[in-house]
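A quick write-up on the structure given underneath.
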Amino acid sequence: MKWGLVIAGLGDLQKPADQLSLSQNLSLGVTGLIWTRYGFVIIPKNYMVAAVNFSVFLTGMAQVGRILYHRQTRQEKNDQLAMI
């Protein structure tokens with residue numbers, strides 16, 4: 001079922017960054033990282049759990065990067081317009 005989160009995250013790559021939630025994607029990334037570690041420390045190791053959660057981490061962090069980049073460039077544009 002968690003692969004659905006990965007698919008949804010990849011689908012969100014088509015959305016404009018200003019329509020994405022920073023807190024939601026940050027939470028997905030952190031949760032994915034925590035559960036990735038869990039997949040490696042349980043006995044027996046569960047590589048499938050680790051793989052899906054690492055994918056959740058990657059998609060969440062990719063979205064966080066997009067959001068922060070968008071906010072930074074928007075702020076720089078506003079600063080440039082204020083100088084004019």
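Residues take their numbers from the sequence shown, with the count starting at 1. Heavy atoms only: backbone and side chains are in, while hydrogens, waters and symmetry mates are out.
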Using the rule that Ile, Leu, Val, Met, Phe, Trp and Tyr join whenever any side-chain heavy atoms are under 4.5 Å apart, tell me whether Val6 and Met48 fall into a single cluster.
yes
Would you give the length of the straight line joining atom CD1 of Ile34 to atom CG of Asn53, rounded to the nearest 0.5 angstrom?
10.0 Å
Which pair of heavy atoms, one from Trp3 and one from Ser55, lies closest together, and at what distance?
CZ3-OG, 3.6 Å
Closest non-hydrogen atoms of Val56 and Lys2, given as atom of the first, atom of the second and distance, are CG2-O, 4.2 Å
Note: Asn25 and Met61 closest approach over all heavy atoms is O-CE, 4.2 Å
Taking every non-hydrogen atom, the tightest pair across Arg66 and Leu13:
NH1-CA, 3.6 Å
Could you work out, with side chain to side chain contact (heavy atoms under 4.5 Å, CB included) as the rule, every residue matching Leu58, not counting sequence neighbours?
Phe54
Does Tyr69 share a hydrophobic cluster with Leu20, counting links as ILVMFWY side-chain heavy atoms below 4.5 Å and allowing steps through other members?
no
Locate the shortest heavy-atom distance separating Gln63 from Asp12; write the atom from each residue and the value.
NE2-CB, 3.2 Å
About how many Å separate CG of Leu33 and CZ of Arg37, when rounded to the nearest 0.5 Å?
10.0 Å
Taking every heavy atom of Trp35 against every heavy atom of Val49, the minimum-distance pair comes out as O-CG1, 4.0 Å
Within the structure provided, determine whether Arg74 and Lys77 are in side-chain contact (heavy-atom separation under 4.5 Å).
no
Nearest-0.5 Å distance, CG of residue Leu22 to CD1 of residue Ile67:
5.0 Å
Connected via hydrophobic side-chain network under 4.5 Å: Ile42 and Val52:
no
Gln75: side chain to side chain donor-acceptor pair (under 3.5 Å) partners, not counting sequence neighbours
Asp79
Approximate separation, where rounding is to 0.5 Å, of Asn46 CG and Thr36 OG1:
11.0 Å
